[in-house]
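Shown next, in C-alpha cells, is the structure this report addresses.
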Amino acid sequence: MKPSDLLSALLAPAGEPQLPHAAYVGLQALLDALPIALMEFRLSGESLVLLTANAAARRMPGLGGVREPGADARTVFDQLASTALIDQLCGVARLGVPLDGRHVLRDGPRLQLAWDIAARRMASDCVLVAVSDVSEAEGLRQALQSCEQALAEARRDLREQTEVFDTMETLARAGHWRRIKDPGETVLLWSPGLCEIAGYERQEWLDPEYAMSGILPEDRPLFEAASRAQDGANVEYRWRRPDGEVRWMRSRVQRVRSRDGVAVQMGVVQDVTEEHRAAEQLREQLVFIQRIASRVPGFIYQYRIHRDGSTASVQYISEAVREFLGVAPGEVMRDHGLLEQRVLPEDVPQVRRSAMLSVRRLVPWQSEYRVRMPDGSVRWHMTSAVPHRESDGTVVSHGFTMDITERKQAEQQIERLAFYDALTGLPNRRLLLDRLQRSVVLSQRTRQQGALLFIDLDNFKVLNDTLGHDMGDKLLIEVARRLVATVRESDTVARFGGDEFVVMLEHLACDSAQAALQVEGVAEKLLAHVNQPIVLGGHHHYSSPSIGIALFGGERVEVHELLKRADLAMYEAKAGGRNTLRFFDPAMQAAVNARLHLEADMRQGLERGEFSVHYQPVVDERARLVGAEVLLRWRHPVRGMVSPAEFIPLAEQSGLILPLGRFVLQQACAQLARWAQSPATAHLSLSVNVSARQFRHADFVAEVLEALREHAANPRRLTLELTESMLLGDIEDAIVRMQQLKREGIGFALDDFGTGYSSLSFLKRLPLEQIKIDQSFVRDVLEDPNDAAIVRTILALAQSMDLQVVAEGVETAGQLGFLRLHGCGGFQGYLFGRPAPLQAWDEMLFSVR
Ligand SMILES: Nc1nc2c(ncn2[C@@H]2O[C@H](COP(=O)(O)O[C@H]3[C@@H](O)[C@H](n4cnc5c(=O)[nH]c(N)nc54)O[C@@H]3COP(=O)(O)O)[C@@H](O)[C@H]2O)c(=O)[nH]1
C-alpha cells in the first residue's frame, strides 16, 4: 500500500474522526499494526508539533524524536532538513493541499534513505503524515537503471567495434564468411568487407551455391579441398566478380563448432590481386634481367647488408656466376661467403675495405682483385655496385662483376714495356726517375738520406764485341740478378741503358757521414758480387763495375742533377782505375763540365778547320825512313794545342771520331798520292789510326776505298792501325772487313801490342802484316826485366808468325840497340822524329835519308 492510499482510507470524507474512545483505542492498535509510519502533527505558529505516531513510525530508522509527543517536525525529519519538506507539510496543514513524493538521500553512491511521504490535512489544523521506507525498491530501481545504462554502452561499443572491424576489412581488402549448418538448413553469412571485395551489394547472407559460383571452375577443386581440411587450410583462387573482373583471393578456411553444437565453417578472405600483379611484374622483371644478364660479359648480383653490418646475404646472382667463378647461383645465395673464398687472400682486405666504405658512405663501389678458379688458374675480376638504403635501414647494393684478365694482362704488358727493361726485367730509366722523384721528396720530409749508385761495367764493350751480343745479353742479365740479390727488396735496381745500371738506396741514416758508410758497405758488396766469374758459353768471364755514388736527403735537389752527380762520380771511379767506387763531390762536376765544353769546342773546331795531321817517321833497322804514322792534331784558338789523348776518347764517345777519322784518311791518301809522284818518296807508307767506332761503322770499308780512289793513292802504301780491343767484339765481322780491304792491297798493323789479352790463335786468324810494340814496354826495356822479356817474346812471336814489328816510343840509342839485338825491324819514336806537320817533314825526310 502506498502512504497516500492509506491516508485516503484513514481520513473520513468529512475530515474529522467522530469515534468513541474504545473505538479510538482499537483504531490505534490497528494503526500500530500497519507497516507504514503514521504521524499526526499540529500547526503551531510556524512549526508543526508531533501529536502522535504509530508503532511503525517509532520503529522506523531515520525518524528523530518520534517517541516524544510535542517534538518539532524538524527534529522528526532532521535528515530531510535540506529539503523543503517542513514548509510543504505546513502548507498541507494550512491549505489542505495533499502532498505526495519520494525523498532519496545518498552519500556518494551509497543509498542513505528512500522514503515515500504523503501528507493530508485533517479536520482541524492538523496534518497526518505517512512515511514508507522504499530503500529496497529504490536500490533495485537504481540497479536496473545501471544495468540498462551498461547495456546501452555495450551496444554502443559493439556497434563501434563492428564499424571499426568493417573499416579494417575494407582497408585490408579483406572479409569473412560463416557457414552455419543446422540440420535441414545451411546459412552463409558474409561480412560487408567480403561483399565489397567480391563485388556484391552489402548483404548479410547468401545462397551457398550461388556464392561458390564466383570461384573460377578450375580453382574450385582447390577451394573445396581446403574446405574439407580438418585443421583448416590456406588457399588461393581466382574470383570472378559480377562485373566480370577476375581477382585473386587468399583464404583461410577453418571449421569450428558453436556452443550449441551447430557446425560452423569460417573463412577469412583477402583480395591479393595487387600482390599477384606485383609478383607477376617482379617475375617479368626477373626474366628481363636474366635475359640481359645472359648477354653481358659478367654476372650481376644484388646483396643486402643489415643496418649494423653484421649480416649480409646475396639475394640474387645471375647464372653467369657459374662460368665466372665456377659456383652455382643457388650455392652463393645460400652461402655468400663462397664469393670471398674465391678471392686471393692477399686481395681480400682491400676488397672488404672498399665494400664496407661503399656501404657506410652509400657511394658506388668499385674494386679490382684476383680470383682463383676451380682449376687453379688465377683471373682478374672487376666489380662495381651501387648501394642504397632501404626504409628498414638495410643497405641493398646492385652490382656487376666482369672478368678483366685480358685488360690487366695488356696493362701489365704496357707497364712492363713502359717501365721495365725488356732484357733484364729491371725498372727502366723512366720508372727509376719516377721513384727517385718520390724518394727525394720523402727524404726531405723524413730527413733520412738516400743514395744513387751509378754503375757502369768496365769491360762490357770488349766482352760484348768479343763474345757477341747474345753472350753480352746473358752477362747483363746475370749482372742484373747479382745487383738485385745484393740490395734490399725495398731498394731499386734499374737498368739505365747499355751496360749502365742505377741502384737507389733509401731510408739510410739521417747523418750524412753515417749514410755514406752504409752506402760504401753496399757498394763494396756490389763490387765483390759483380767481380765473381760469370760462366758464359761454358767459359768463365770476368766483369767489373765502376760505381759512382751521390747521396741525397734534406736538401731540395732535382733528380737529373742527382743522376748527373752519380754519373760524374762513376767517371771518377773509371779514372781512378775502374772496378772501384767514388763518391760525388763538386770538383767532379767541374771536370765533367769541362769535358762537355771540350766536346762543344771540338764540333766547332771541325767546322772551323782547326784540325790538322802530323806525321811521325817510322824507320827500318838501318834507320832508313820507311814511312810515317799519321797523327791528328787540334789547335784551338784559345786552348792552343789539345792533346789527342784528351780529345780522341771524347770524340769516340760523342761520335765525332767519324768525321775526324774521315778527315785523317783523306789527308793520308792525299799525302800518299803526292809522295807517289816523286821517286824519292814513292816507297813511303803511311799508318793511320782507326778507332773502334770508325772500324765498326757500316760504311768504313767503302769510305777507305773511296778515299784511296779519290786521290789515286796506292793502297799498298796504306796501313791501318787497329787495337786488339776493337777486334775482340764480332771477330768474324772484323776479319771480313779486314779481308775486303786487304784484297785491295791495304795493310793492317796491330797497335799497342802487348797491352791486350789476345791469344795466339786469335792473332793467327787476323790478316795482319805488322804489330807495333806498345811504347810502355819500350820505355823501360833496359831497366825492367819484365818489359825486356815481353819485348823479346813479342819479337819472337812476330818472327814465328812472319809479321813485321815496329817498336813505338824509341827515345834512346840504348832502347834502339836492345830492340835491334832482338830482331826488331822497325822503329818509331822521338829518337827519329816527333810527330810534325808536312813543312817540317821535308827537312826531316832529307836529314833522315
Ligand atoms: N783514332 C785515332 N787516334 C789517334 C789519331 N791521332 C792520334 N791518335 C791517338 O791519340 C793518342 C795520342 O796520340 P799522340 O798525342 O799523337 O801521341 C802519339 C805520339 O806523339 C806518341 N809518341 C811517339 N813517339 C814517342 C816517343 O818517343 N815518346 C813518347 N812519349 N811519345 C811518343 O805516341 C802516340 C802514338 O801512339 P800510337 O797511336 O799508339 O802509336 C794515341 O793513342 C794515338 O793513337 C787519329 O788520327 N785517329
Side-chain angles (χ1 to χ4, degrees), residues 598 601-619 625-637 639-652 654-678 681-695 697 700 703-715 717-723 746-749 751-752 770 772 775 806 808-809 828-830 832-846 848:
L598 187 67
D601 283 1
M602 212 160 38
R603 283 181 200 283
Q604 265 192 351
L606 251 174
E607 285 165 17
R608 293 178 184 167
E610 292 167 11
F611 288 90
S612 62
V613 288
H614 282 192
Y615 299 86
Q616 184 174 31
V618 179
V619 299
L625 183 71
V626 291
E629 180 177 353
V630 188
L631 294 160
L632 186 60
R633 292 292 178 264
W634 177 24
R635 184 185 294 279
H636 185 266
R639 297 173 191 269
M641 287 301 288
V642 184
S643 163
E646 197 180 333
F647 70 79
I648 291 285
L650 195 58
E652 279 259 7
S654 62
L656 284 172
I657 195 69
L658 297 175
L660 286 172
R662 276 195 289 272
F663 169 77
V664 175
L665 259 176
Q666 289 285 339
Q667 298 295 310
C669 291
Q671 188 55 43
L672 281 175
R674 274 196 293 276
W675 278 344
Q677 286 165 12
S678 160
T681 53
H683 66 285
L684 296 177
S685 299
L686 282 178
S687 299
V688 171
N689 289 287
V690 176
S691 78
R693 194 159 179 174
Q694 204 182 345
F695 182 68
H697 194 268
F700 176 69
E703 276 178 9
V704 173
L705 297 178
E706 178 56 30
L708 286 165
R709 245 191 312 275
E710 196 183 323
H711 297 280
N714 183 355
R717 300 283 174 254
L718 180 66
T719 299
L720 299 180
E721 291 192 10
L722 309 177
T723 58
I746 297 159
F748 286 94
D751 202 4
D752 306 337
Q770 192 182 82
K772 295 183 84 170
Q775 53 181 281
V806 173
E808 289 187 301
Q828 183 183 341
Y830 294 168
F832 307 102
R834 289 175 179 258
L838 268 178
Q839 310 85 294
W841 241 88
D842 285 343
E843 295 155 24
M844 182 175 64
L845 186 62
F846 181 76
V848 168

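Sequential numbering from 1 along the given sequence is applied to the chain's residues.
Side-chain contact between His683 and Trp675 is absent, with no heavy-atom pair separated by less than 4.5 Å. With a 4.5 Å cut-off on side-chain heavy atoms, Asp752 and Glu721 do not count as touching. Counting only heavy atoms from C-beta outward, the side chains of Phe748 and Ser687 never approach each other to under 4.5 Å. Counting only heavy atoms from C-beta outward, the side chains of Leu660 and Ile648 never approach each other to under 4.5 Å. The shortest side-chain heavy-atom distance between Ile746 and Leu708 falls under the 4.5 Å cut-off.
Within 6.0 Å of CZ in Arg674 there are more than 12 heavy atoms belonging to other residues, nucleotides or ligands.
Contact record, Gln828 with Pro617: CG-O, 3.5 Å, taken as the closest heavy-atom pair. Between Leu625 and Leu684, the shortest heavy-atom contact is O-CD2, 3.5 Å. Minimum heavy-atom separation, Leu632 to Pro644: O-CG, 3.3 Å. Minimum interatomic distance between Ala668 and Leu686 (heavy atoms only, all atoms of both residues): O-CD1, 3.4 Å. For Gln775 against Gly809, the heavy-atom pair with the smallest separation is CB-CA, 3.7 Å. For the residue pair Ser691 and Glu652, the shortest heavy atom distance occurs at CB-OE2, 2.7 Å.
Under the 30°/60° scheme for interplanar angles, the aromatic rings of Trp634 and Phe611 are found to lie parallel.
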Step-by-step side-chain contact (heavy atoms from CB on, under 4.5 Å) determination, Val690 to Val704:
CA-CA 11 Å; Val690 176; Val704 173; over 6 Å; no

Kindly determine whether Val688 and Leu718 satisfy side-chain contact (heavy atoms from CB on, under 4.5 Å), including the steps that lead there.
CA-CA 8 Å; Val688 171; Leu718 180 66; 3.9 Å; yes

Working note: Asn714 + Leu672, criterion side-chain contact (heavy atoms from CB on, under 4.5 Å); need CA distance, chi angles, decisive distance, verdict.
CA-CA 7 Å; Asn714 183 355; Leu672 281 175; over 6 Å; no

Could you walk me through whether Gln666 and Glu710 pass the side-chain contact (heavy atoms from CB on, under 4.5 Å) test, one step at a time?
CA-CA 9 Å; Gln666 289 285 339; Glu710 196 183 323; 3.4 Å; yes

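A distance of 5.5 Å separates CD in Glu646 from CG in Leu598, rounded to the nearest 0.5 Å. The distance from the NZ atom of Lys772 to the CD atom of Glu629 is 3.5 Å, given to the nearest 0.5 Å. Atoms SG and CD, on Cys669 and Glu706 in that order, are 10.0 Å from each other to the nearest 0.5 Å. Note that CZ of Arg603 and OG of Ser654 are 5.5 Å apart. Values are rounded to the nearest 0.5 Å.
Using modelled atom types and a 3.5 Å distance limit, the side chains of Gln671 and His711 yield no donor-acceptor pair.
With hydrogens and angles ignored, the 3.5 Å screen pairs a side-chain donor or acceptor of Arg717 with a backbone N or O of Ala682.
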